[in-house]
Amino acid sequence: MAAPRDWLGTVEAEGIAGRQGSSGVEVVFPSDPATPAPLCPHGPTLLFVKVNQGKEETRRFYACSACRDRKDCNFFQWEDEKLSGARLAAREAHNQKCQPPLSRTQCVERYVKFIELPLSQRKFCQGCQQLLLPDDWERHQEHRVVGDISVTQLKRPSQLLYPLENKKTNAQYLFTDRSCQFLVDLLSTLGFTRVLCVGTPRLHELIRLKASGEKKSNIKSLLLDIDFRYSQFYMEDSFCHYNMFNHHFFDGKAALEVCRTFLQEDKGEGVIMVTDPPFGGLVEPLAVTFKKLIAMWKEGQSQDSNQKELPIFWIFPYFFEFRIRQFFPSFCMLDYQVDYDNHALYKHGKTGRKQSPVRIFTNIPPNKIILPSEEGYRFCPLCQRYVSLENQHCEHCNSCTSKDGRKWNHCFLCKKCVKPSWIHCSICSHCALPDHSCGGPKDGCFICGELDHKRSTCPKIATSKKVNKAVRKQKQRKSNKMKMGTTKGQSMNHTSVTRKKSRRERAHQYLCS
Ligand code: SAH
Ligand code: ZN
Ligand code: ZN
Ligand code: ZN
Ligand code: ZN
């Protein structure tokens with residue numbers, strides 16, 4: 001797959017890919033929900049509605065908030081579906097079974113034992129992605145086990161663990177040293193003392209490394225992430241197993257309190273939230289979650305600092321600017337290009353498509369955020385922000401208009417700047433790629449037809465494929481049931497398939513849940 005972490009979206013957003021799909025799915029947040037959402041192994045599910053050519057279908061359904069692939073979580077339930085007691089019990093049992101085998105406290109106990117072992121006894125199983133205590137060795141005899149795990153390695157779990165790249169769930173893309181160093185230096189220059197890292201394990205790690213390094217910085221960090229493997233390396237006060245699409249803490253109230261205490265320390269002074277969510281995820285549930293974290297921070301504020309906002313860095317591709325600003329109008333997008341280690345296709349560079357489309361969205365005034373001049377960024381006094389080398393100030397638009405780092409051109413007919421690859425089309429009466437098909441809906445969104453965004457940033461897209469599949473599967477299940485005349489046969493089928501799965505796959509599945 002050449003296009004992890006929904007990079008495919010990038011291509012589509014730029015109108016290069018052909019026309020695909022004509023329907024999508026939207027999340028609904030009922031203002032006063034009649035019943036609480038049912039639970040999947042990833043916490044409360046979200047309510048979705050299928051949309052066809054801008055028209056909502058009437059029957060709504062619940063599906064997993066975190067996994068955009070049925071393979072990772074196949075929860076599906078019609079909103080008006082009544083489940084039997086037996087099915088509810090089976091679901092409850094399934095949810096239990098999917099939870100990590102060790103509790104958070106057990107993980108911490110293991111970690112404490114592990115660091116007390118002499119170097120020669122500190123082993124890590126690469127297959128199971130697990131630190132091993134001497135009692136575990138036998139069970140992992142046949143696995144790929146590495147020894148002599150040093151303290152330095154323990155402090156860099158993001159290098160020890162392999163990144164979970166399955167793009168529909170974890171989409172784990174780790175910052176390059178360049179980007180990560182830039183972020184840590186920036187956070188320290190801005191004077192922050194606490195960083196809430198939401199889905200940024202490598203940033204968390206680097207902040208902590210600096211805090212324990214020679215030139216001690218005094219920044220504390222708390223990581224919230226769905227990747228449970230990290231709980232082996234951190235105590236309760238520096239990692240919570242968390243789902244950012246539904247604000248669910250897997251370890252219940254105690255973990256929620258860790259987060260609350262962290263946000264409210266020093267009456268909420270000195271804290272910033274930094275998040276780098278999977279791009280394939282829907283923007284709205286993320287915004288709802290971030291607003292809950294903001295509210296949690298606000299509760300701890302003293303009366304006189306009521307006006308202040310929780311500082312945030314939301315790292316996301318530039319073509320989501322419109323969507324993000326719908327939810328956070330005070331955010332602006334910085335020109336800094338964030339790039340990733342395990343992403344070969346889009347790395348920092350000055351040429352063509354090698355430029356990363358990922359940016360930082362923030363409510364911190366952009367003139368306070370100095371971008372590195374060694375990389376060509378410079379200050380635009382008119383815009384009062386740092387911009388990339390080729391981003392030129394357009395006197396007609398009165399701003400530095402490039403979004404993608406290339407020099408954009410002003411079109412007098414469109415009265416705005418456009419991408420260098422676009423030309424004005426007199427048939428469509430706006431600018432487009434030279435080979436576009438005139439008059440077609442291609443220039444608008446394939447899903448809802450709106451002109452202000454493309455399919456990939458459509459509020460209705462992200463789970464469309466999954467849901468189409470889910471609905472199809474549901475229908476198929478019904479017809480299978482009729483064919484087999486029993487539901488039991490089917491569930492047995494399912495288990496035998498599960499048994500056949502390789503150990504690696506199972507480990508993977510458990511890690512993803
Ligand atoms: N660039 C970051 C990693 C971003 S990749 C860094 O280097 O630190 C996205 C991260 O979000 C991964 O760590 C992944 O495990 C996490 N993630 C994915 N889905 C999530 C969810 N539903 N809730 C919380 N974290 C999630
Ligand atoms: Zn789920
Ligand atoms: Zn093993
Ligand atoms: Zn212009
Ligand atoms: Zn034009």
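One-based numbering, in listed order, for ligands and for the atoms of each. Throughout, numbering of the chain's residues begins at 1 and tracks the sequence.
The set of protein atoms (N, O or S) found at less than 2.8 Å from the Zn ion (ligand 2) reads C40 SG, H42 ND1, C64 SG, C73 SG, by chain and number. Distances under 2.8 Å from the Zn ion (ligand 4) pick out the protein N/O/S atoms C394 SG, C397 SG, H410 ND1, C417 SG.
Using a 30° and 60° split on the angle between ring planes, H396 and F412 fall in the perpendicular class, above 60°. Relative orientation of the F124 and F233 rings is tilted, given thresholds of 30° and 60° on the angle between their planes.
Once rounded to the nearest 0.5 Å, the distance linking CG of L222 with CE of M273 reads 12.0 Å.
At least one test fails for K50 against the ring of F61: distance under 6.0 Å to the centre or angle within 45° of the axis.
The number of heavy atoms from other shown groups lying within 6.0 Å of CG (L119) is above 12.
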Check: Going through the checks in order, is the side chain to side chain donor-acceptor pair (under 3.5 Å) test met by R91 and Q77?
Finding: CA-CA 11 Å; R91 175 184 289 168; Q77 184 186 323; 2.8 Å; yes

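For residues 108-120, every residue pair satisfying the salt bridge (Lys or Arg N to Asp or Glu O under 4.0 Å) rule, not counting sequence neighbours, is listed here: R110-D136. The stretch residues 248-260 participates, sequence neighbours left out, in these side-chain hydrogen bond (donor to acceptor under 3.5 Å, both in side chains) pairs: E257-R260, R260-E299.
The Zn ion (ligand 3) is closest to atom ND1 of H143 (considering only N, O or S atoms). The Zn ion (ligand 3) is closest to atom ND1 of H140 (considering only N, O or S atoms).
When all heavy atoms of M296 and L256 are compared, the pair lying nearest together is CE-CD1, 3.6 Å.
With hydrogens and angles left out, the side-chain atoms of H393 and N398 include a donor and acceptor closer than 3.5 Å.
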